[in-house]
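Per chain, numbering begins at 1; letters A, B, ... match sequence-line order.
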Amino acid sequence: MESDPRPIRRRLLRWFAQHQRTLPWRSDPTPYRVWVSEIMLQQTQVATVIPYFERFVRRFSDVAALAAADLQDVLAVWAGLGYYSRARNLHRAAGLIASAGRFPDTLEGLLALPGVGRYTAGAILSIAFDKPAPILDGNVARVLCRLSAIGGDPKSPAVRRRLWSLAETLVPPRRPSQFNQAMMELGALVCTPRSPLCGRCPLAALCEAKRQDRPEAYPAAGRKTRVLTERWAVALVRRGGCVLMTRRAEGARWGGLWEFPGTTVAATGNAEADLRRFLKDELSLSPSQFAQVGRVRHQLTHRNMTVEVFAAAAPKGRPSTASAWVAPANIEARPISKLTRKIAALL
DNA sequence: AACCCGGGGAG
DNA sequence: CTCCCAGGGTT
């Protein structure tokens, strides 16, 4: 695409002015709100994010409030949205911004924040500060691959370099905020992965994939994701009116969230035996009266989980610091995953 | 370069 | 089922 970028900018901006959605973070695009929305939108669809965003900015109204908050409270508001390192990084970055005294407004300053990569830095620069920084997300990549009929794996470094270069060429010196949002909006509403609506596309006359009459041939398909099967055994250890919960280590899956203690089980293994061994070795617990009370399935992008849930009677002994006896009514006040929520429903 | 990290929407 | 979503970080 060495042609004049101006017709593309003009058509796209005109289309966006007429067709953009009303989204909560667009009403008042402060750096804080744009930042929170962009982190939430990483690998997460707009419709999923909206209620989480509303709740989050109501609870933590600015950087100072977020920096002063307890991480467990931040995770509790984030619970259910997934990719929990985003919430931990958001909290940590809020502390850095609060210490610095002002929100970073340069590429280097933004990239220094944990959880902010090249895309998010460009999005904040352009949308919140209206600086002409390029962005490249899944939507933009798809639009550009079609516009210029770029083949090859769009995730490969070579294609990524070309797409970033193209994005940089296209972003206008004026109204870069509107332009970048328009590119993403076009990818979300018109230039969709399957069955793109070329009849409604403001760039159709300029699109090479459309000219070839095969828009769906771009971008080329990437590697297929293999879904692995995982088998788990989880214990609902009860004492009095409470049940034992443990907190997962950061860095792991569901890091920082609370769960019921459990372990993976080999495909041909004995779930109850493995679970007893786990409780004894890791928590120094030897509960009695084991009984399977249910089976829960949970799907992740790369995992297909089957969880066998056991009830057990409480032994004597004290939980470690990373564990707690929790009344069922108080479980959902803690940060828990969707899987833990399903298991809690068995109580 | 490959892998990990959640959950859900849509075909 | 499969693909993909306003990606980033680690190894």
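Base engagement by A:Trp25 is indicated by at least one non-hydrogen atom pair under 4.0 Å involving a base atom. A:Arg142 comes within 4.0 angstrom of the backbone, heavy atoms only, and of no base. Among the protein residues, A:Val46 comes within range of the nucleic acid bases, having at least one heavy atom under 4.0 Å from a base atom. Within the nucleic acid shown, A:Leu23 comes within 4.0 Å of at least one base atom, counting heavy atoms only.
Between the CG atom of A:Leu111 and the P atom of C:dG9 there is a distance of 9 Å, given to the nearest Å. Rounded to an integer number of Å, the gap from CZ of A:Arg303 to P of C:dT2 is 15 Å. We find that NZ of A:Lys155 is positioned 13 Å from C1' of B:dA2, with the value rounded to whole Å. Rounded to whole angstrom, the span from the CE atom of A:Met184 across to the C1' atom of C:dC5 amounts to 13 Å. Rounded to an integer number of Å, the gap from A:Gln20 CD to C:dA6 P is 16 Å. Rounded to an integer number of Å, the gap from A:Asp137 CG to C:dG8 C1' is 14 Å. One can place CG of A:Asn89 at 8 Å from C1' of C:dG9, the figure rounded to the nearest angstrom. When rounded to the nearest whole Å, the span between CD of A:Glu259 and P of B:dG6 equals 12 Å.
Ring geometry for A:Trp254 versus A:His298: interplanar angle of 30 to 60°, hence tilted. In this pair, A:Trp35 and A:Phe103 present their aromatic rings perpendicular. The plane angle is above 60°, beyond the 30 to 60° band. Taking the six-membered ring where the residue is Trp, A:Phe310 and A:Phe290 present tilted rings, their angle falling between 30° and 60°.
Taking atom P in both B:dG8 and C:dG8, the straight-line distance is 22 Å, to the nearest Å. Across the C1' atoms, B:dG6 and C:dC4 are found 14 Å apart, a figure rounded to whole Å.
Enclosure of atom CZ in A:Arg231 by more than 12 non-hydrogen atoms of other residues, nucleotides or ligands within 6.0 angstrom is indicated.
Both A:Ile127 and A:Gly115 lie near DNA chain C, and the one whose nearest nucleotide falls closer to the 5' end is A:Ile127.
Checking A:Glu208 against A:Tyr218 by side-chain atom types alone, no donor-acceptor pair falls below 3.5 Å.
Salt bridge status for A:Glu259 with A:Arg248: present, with a side-chain N to carboxylate O gap under 4.0 Å.
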Identify all pairs in which a protein N or O lies below 3.5 Å from an N or O of nucleotides 7-11 of chain B, and state each distance.
| from | atom 1 | to | atom 2 | distance (Å) |
| --- | --- | --- | --- | --- |
| B:dG7 | OP1 | A:Tyr84 | OH | 3.1 |
| B:dG7 | OP1 | A:Lys338 | N | 2.9 |
| B:dG7 | OP2 | A:Trp254 | NE1 | 3.2 |
| B:dG7 | OP2 | A:His298 | NE2 | 2.7 |
| B:dG7 | N7 | A:Thr301 | OG1 | 3.4 |
| B:dG7 | O6 | A:Thr301 | OG1 | 2.5 |
| B:dG8 | OP1 | A:Lys338 | NZ | 3.1 |
| B:dG9 | O4' | A:Gln45 | OE1 | 2.8 |

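Ring centroid separation for the pair A:Phe53 and A:Trp25 comes in under the 6.0 Å cut-off.
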